[in-house]
Amino acid sequence: MNYVIVDRGDQLSKELADRFHILAAANGLKRNDDTPEMVISIGGDGTLLQAFHSHIDRIADVAFIGVHTGHLGFFADWKADELEQLVNMMANDEPRIVRYPLAQIELVTDEGTSSHVALNEFTIKGVDGTLVAQIDINDELFEMFRGDGIVVSTPSGSTAYNKSLGGAVIHPSIESLQLAEIASINNRVYRTLGSSVLLPQHHHCDIISRKDQRMQLAFDHLNMTRDDIHSIRCSVADRKVSFARYRPFPFWTRVREAFLGYDVK
Ligand code: NAD
């Protein structure tokens with residue numbers, strides 16, 4: 001088995017990465033920066049998002065493992081003092097691979113269509129004021145949105161930005177996308193449902209922009225400003241992300257520990 005490490009870049013994460021390399025070499029694991037099978041993220045959830053985007057071209061061929069340097073994360077389940085146990089298990093045990101859905105986002109411009117994926121969510125906001133957009137579901141007008149923005153989250157991202165907006169927490173085995181509004185304005189012209197909407201895998205939605213509108217787009221932590229977008233198609237991606245589990249890390253336990261703050265004895 002071979003691996004690569006993506007660390008957050010701070011002193012502790014770098015030290016842990018150095019220690020991991022030493023333990024890994026002693027256990028017969030090979031470092032492979034170009035075509036790894038395992039991507040070890042050392043830092044926090046944000047580090048795993050970075051690791052995900054830097055290996056997106058080989059997403060079908062890699063599995064991710066998260067080591068956290070602070071609080072237990074949603075993607076990072078191994079603690080800093082458990083590196084030895086992790087390396088031993090990687091050297092000797094077969095992991096269970098769990099696969100989570102991703103969001104597929106296609107930006108349509110005069111020049112054509114570009115495709116992006118997100119692990120947590122795709123966010124769209126207005127730059128010069130409120131965002132104005134028509135939202136179609138399955139090619140039919142659904143609502144006219146005016147407000148701060150829209151967040152389209154995956155099930156594993158439902159506990160992130162989506163949750164702050166009052167969206168539902170969705171188990172990652174439910175292949176779906178959730179649309180949540182950021183501060184919508186409701187009047188006779190612009191009227192939105194108000195609650196978040198869950199789209200199943202075989203549905204899609206289009207966010208159709210007013211002409212020349214400057215928008216801030218974010219794929220997880222990756223931001224860009226654009227003024228050339230006609231429409232944005234959001235759907236559940238064909239590809240999935242894989243996580244290697246050497247011990248159970250149930251979703252509802254993560255939700256309970258992160259948001260309710262207690263352990264069940
Ligand atoms: P970051 O790494 O500091 O992450 C921000 C917080 O979100 C951290 O506490 C992290 O643990 C948590 N987080 C990330 N993914 C999560 C998930 N799937 N479930 C639960 N918590 C999760 O900052 P960053 O590197 O810029 O991360 C980008 C993420 O920050 C975005 O994907 C978005 O979900 C989140 N975000 C949240 C808000 C909000 O809640 N108001 C606003 C902007 C961005």
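The model shown is predicted, which means the values in this text are computed figures rather than measured ones. Ligands are counted one by one from 1 in listed order, and the atoms in each one are counted from 1 as well.
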Chemist: Show the atoms of ligand 1 that are less than 4.0 angstrom away from any heavy atom in T159.
Modeler: 17 (C), 18 (N), 19 (N), 20 (C), 21 (N)
Chemist: Using a strict cut-off of 4.0 Å, indicate which atoms of ligand 1 neighbour a heavy atom of G46.
Modeler: 2 (O), 25 (O)
Chemist: Mark up the atoms of ligand 1 that fall under 4.0 Å of a heavy atom belonging to F75, in ascending order.
Modeler: 18 (N)
Chemist: Heavy atoms only, cut-off 4.0 Å: how does A258 contact ligand 1, side chain, backbone, both, or neither?
Modeler: neither
Chemist: Counting heavy atoms not belonging to D238, are there more than 12 under 6.0 Å from its CG?
Modeler: no
Chemist: Out of all atoms in ligand 1, which are within 4.0 Å of some heavy atom of E121? Include the element for each.
Modeler: 31 (C), 32 (O), 33 (C), 34 (O)
Chemist: Under a 4.0 Å N-O cut-off, is there an ion pair linking D34 with R58?
Modeler: no
Chemist: Output the list of atoms in ligand 1 that are nearer than 4.0 Å to some heavy atom of N120, sorted by atom number.
Modeler: 14 (C), 15 (N), 16 (C), 17 (C), 18 (N), 32 (O), 34 (O)
Chemist: Check the orientation of F251 and H171. Use parallel for under 30°, tilted for 30 to 60°, and perpendicular for over 60°.
Modeler: perpendicular
Chemist: Heavy-atom distances under 4.0 Å are what count here, so tell me which part of S164 touches ligand 1: side chain, backbone, both or neither.
Modeler: side chain
Chemist: I need the nearest protein heavy-atom contact for atom 26 (O) of ligand 1: residue, atom name and distance, please.
Modeler: H221 CB, 3.8 Å
Chemist: Mind checking whether K163 contacts ligand 1 via backbone (N, CA, C, O), side chain (CB onward), both or neither, at a 4.0 Å heavy-atom cut-off?
Modeler: neither
